[in-house]
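Remarks on the structure that follows.
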Amino acid sequence: MPESSYKHVKEIEPSEKEEKLRGWVYRIRKMKDKIFVVLRDATGIIQCIGSQEKLSDNAWNNLNEVAIENAIAVKGHAVEDARAINNVEMHLSDFQIIHKGEIFPIAKDQSKEFILDNTHLFLRSFKSTNVMKVKANVLRAAREWFFENDFYETTPPILTGAACEGGATLFSLKYFEQTAYLSQSVQLYLEALIYSLEKVYAITPSFRAEKMRTKRHINEFWHIEGEEAFVDFKGNIEIQEELVAYIVEYILDNNKGELKELGRDTSILETVKAPFKKITYEEAINSLNENGFKLKWDDDMKTEEERALSNIIGEAFFVTMYPSHHKPFYVKINEDDPKWCFSADLMAPEGFGEIITGGQREDVLDTLVRRIKEEGWEEKDYEWYIDLRKYGSVFHSGFGLGAERLSWWICGLDAIQETQPFPRTRNRVYP
Ligand code: 4AD
Ligand code: MG
């Protein structure tokens, strides 16, 4: 990389040597012969002090004119001061405005709608910046784990011809003379890739046309999906718990500062170590009923039940062996007791609930075809997928981890929307 003559805030240490910084104005305080400007860059903030006697007329005029969120470049040397942010401040010898522009519209106590309309500007807030730094490392740690464990990263398509997760949440679009859909999951394509690469993953956008507005759903999210040949239900769960434990540990090692600024109590995160606790769906229902719920054996666990269960268990845990008709056509049915299928959800504690769904895939050709028809779908739309069970079919498993669900839990945020720049929700595709 070409070396820049500009430093970043986090590199600044007390010294007689002059350094240059550039960034944006976070705060300003003006006195008669001194002006204090807090400069913000990607790595932090630092207070800069300019005094009339030490600056050229031009630099002093610039300081007098500068406003919040103007882009600036400064020169000076850093001095230790116990009262300053991070105990250092810059004593300026020069101050330039890169771009002055208009009055910044974001201020304290604005309505949620105003903030959402101005997401493009609100992204500069500390909260958003801290969350984005954590999320960047969630994706980085996931890639590292897959790389270390010999998975190939692949790039399956996002435009698809048929549903993976049920027709109700499909976004359709005109694709020349045909109808196409936005991907809900690249799982079916990953399944095709295991026959050559054996262990594959993809990190792609997934779309769900869910109409409800909740704190845990967005209509576009980033999906971390893995698929492995010759791995059964149990082996797949081991992969998931190792991956999630690795990501959580990576964040605790590398993002302590961000989590602290977000006010996250990390005590439960510190206990996230493989293996995780496992309970069956039946045990989950019993446990909920012991805690005041009145569920029947094949009732769906909705948000409320999931949140309650997640609080009861109090640590990351898997719910395994769901009723077969709860889960999509591709999940392997337990041939010994077809009421149950080899699907598991990984639940985050503290009320956050599901962050992964995964399981073993159906490899019995007739069962697969029957299940596709039971969904009311055309066999011909899935012919290529059914083909995979005709030529050297092997047992295999996989999973999908929502990058935003995981980041939401790790950061301990109120709503998942806060983990996505420009979240797509029911009423919003702007900005
Ligand atoms: O549970 P889901 O629907 O499972 C699948 O899509 C499988 N085909 C994955 C696979 O086996 N390859 O979605 C998987 C995960 C969820 O557990 C959740 O983390 C996330 O994707 N997810 C969402 N995240 C945010 N908003 C939504 N609307 C989400 N829907 C799913
Ligand atoms: Mg699921």
Side-chain angles (χ1 to χ4, degrees), residues 1-112 114-133 257-258 260-262 421-422 431:
M1 269 223 314
E3 203 172 309
S4 166
S5 59
Y6 288 91
K7 285 262 161 64
H8 273 104
V9 167
K10 75 166 182 204
E11 300 171 293
I12 296 297
E13 283 175 1
S15 158
E16 286 302 310
K17 190 171 167 252
E18 293 234 307
E19 300 287 7
K20 293 200 292 181
L21 289 172
R22 59 189 159 186
W24 294 265
V25 174
Y26 175 62
R27 220 186 280 143
I28 309 165
R29 189 156 54 93
K30 290 183 182 163
M31 284 157 56
K32 219 168 108 218
D33 55 350
K34 266 194 187 133
I35 295 179
F36 299 80
V37 169
V38 177
L39 175 146
R40 170 179 70 73
D41 72 11
T43 67
I45 55 175
I46 189 166
Q47 173 157 277
C48 305
I49 302 166
S51 61
Q52 190 167 14
E53 55 171 1
K54 290 203 187 124
L55 291 172
S56 68
D57 287 349
N58 175 275
W60 179 248
N61 285 341
N62 289 339
L63 255 181
N64 266 293
E65 276 179 23
V66 81
I68 296 290
E69 287 303 321
N70 287 180
I72 55 170
V74 308
K75 194 166 142 189
H77 73 279
V79 176
E80 193 164 353
D81 188 324
R83 293 163 303 176
I85 312 155
N86 301 325
N87 301 328
V88 277
E89 55 189 21
M90 284 284 265
H91 289 194
L92 298 180
S93 61
D94 196 12
F95 186 90
Q96 299 299 324
I97 299 178
I98 300 172
H99 182 245
K100 180 147 177 57
E102 301 177 20
I103 294 176
F104 195 62
I106 306 265
K108 269 196 185 139
D109 302 324
Q110 271 154 335
S111 74
K112 237 181 179 160
F114 180 86
I115 287 173
L116 289 172
D117 283 338
N118 288 282
T119 301
H120 54 298
L121 302 177
F122 194 74
L123 286 173
R124 303 178 186 196
S125 72
F126 283 127
K127 184 169 189 187
S128 178
T129 306
N130 283 323
V131 175
M132 294 311 142
K133 286 180 181 175
E258 284 77 21
K260 188 157 176 246
E261 281 184 31
L262 289 167
F422 307 102

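Just so it is clear, the structure is predicted and the values come from calculations on it, not from any experiment.
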Under 3.5 Å, side chain of [X] to main-chain N/O of [Y], donor-acceptor pair present?
X: Lys100; Y: Glu65; result: yes
X: Thr43; Y: Val9; result: yes
X: Asn86; Y: Val88; result: no

> For Ser93, what residues pass the side-chain hydrogen bond (donor to acceptor under 3.5 Å, both in side chains) criterion, not counting sequence neighbours?
Replying inline: Glu18
From [X] atom [atom1] to [Y] atom [atom2], the distance as rounded to the nearest 0.5 Å:
X: Leu21; Y: Ile12; atom1: CG; atom2: CD1; value: 4.5 Å
X: Tyr26; Y: Ile72; atom1: OH; atom2: CD1; value: 14.0 Å
X: Ser128; Y: Ile115; atom1: OG; atom2: CD1; value: 11.0 Å
X: Ile46; Y: Glu19; atom1: CD1; atom2: CD; value: 10.0 Å
X: Glu11; Y: Glu13; atom1: CD; atom2: CD; value: 9.5 Å
X: Lys133; Y: Glu261; atom1: NZ; atom2: CD; value: 8.0 Å

> Can you list the residues that meet the salt bridge (Lys or Arg N to Asp or Glu O under 4.0 Å) rule with Arg124, with sequence neighbours excluded?
Replying inline: Glu69
> With a 4.5 Å limit on heavy-atom distance, are the side chains of Leu116 and Phe122 in contact?
Replying inline: no
> Are side-chain heavy atoms of Ile35 and Asn64 found at a separation under 4.5 Å?
Replying inline: yes
Minimum heavy-atom separation for [X] and [Y], please, with both atom names.
X: His120; Y: Pro431; result: ND1-CG, 3.9 Å
X: Pro421; Y: Leu123; result: CB-CD2, 4.0 Å
X: Glu89; Y: Ala84; result: OE1-CB, 3.8 Å
X: Cys48; Y: Leu39; result: SG-CB, 4.1 Å
X: Lys30; Y: Val66; result: NZ-O, 4.0 Å

> Hey, does the Lys NZ or Arg CZ of Arg29 hover above the aromatic six-ring of Phe36, less than 6.0 Å from the centre and inside 45° of the axis?
Replying inline: yes
>> Is it the case that the side chains of Asn58 and Asn62 hold a donor-acceptor pair, with the cut-off being a distance below 3.5 Å and no angle test?
In response: yes
>> Can you confirm whether more than 12 heavy atoms, excluding those of Lys260, are under 6.0 Å from its NZ atom?
In response: no
> Has Lys34 got more than 12 heavy atoms of other residues, nucleotides or ligands less than 6.0 Å from its NZ?
Replying inline: no
>> I'd like to know whether Asp41 forms a side-chain contact (heavy atoms from CB on, under 4.5 Å) with Arg22, so could you lay out the CA-CA distance, the side-chain angles of the two residues, the decisive distance to 0.1 Å, and finally the verdict.
In response: CA-CA 7 Å; Asp41 72 11; Arg22 59 189 159 186; over 6 Å; no
Which side-chain N or O atoms in residues 101-110 pair as donor and acceptor under 3.5 Å with protein atoms at least two apart or in another chain?
{"from": "Gln110", "atom 1": "OE1", "to": "Ala107", "atom 2": "N", "distance (Å)": "2.7"}
{"from": "Gln110", "atom 1": "NE2", "to": "Pro105", "atom 2": "O", "distance (Å)": "3.0"}

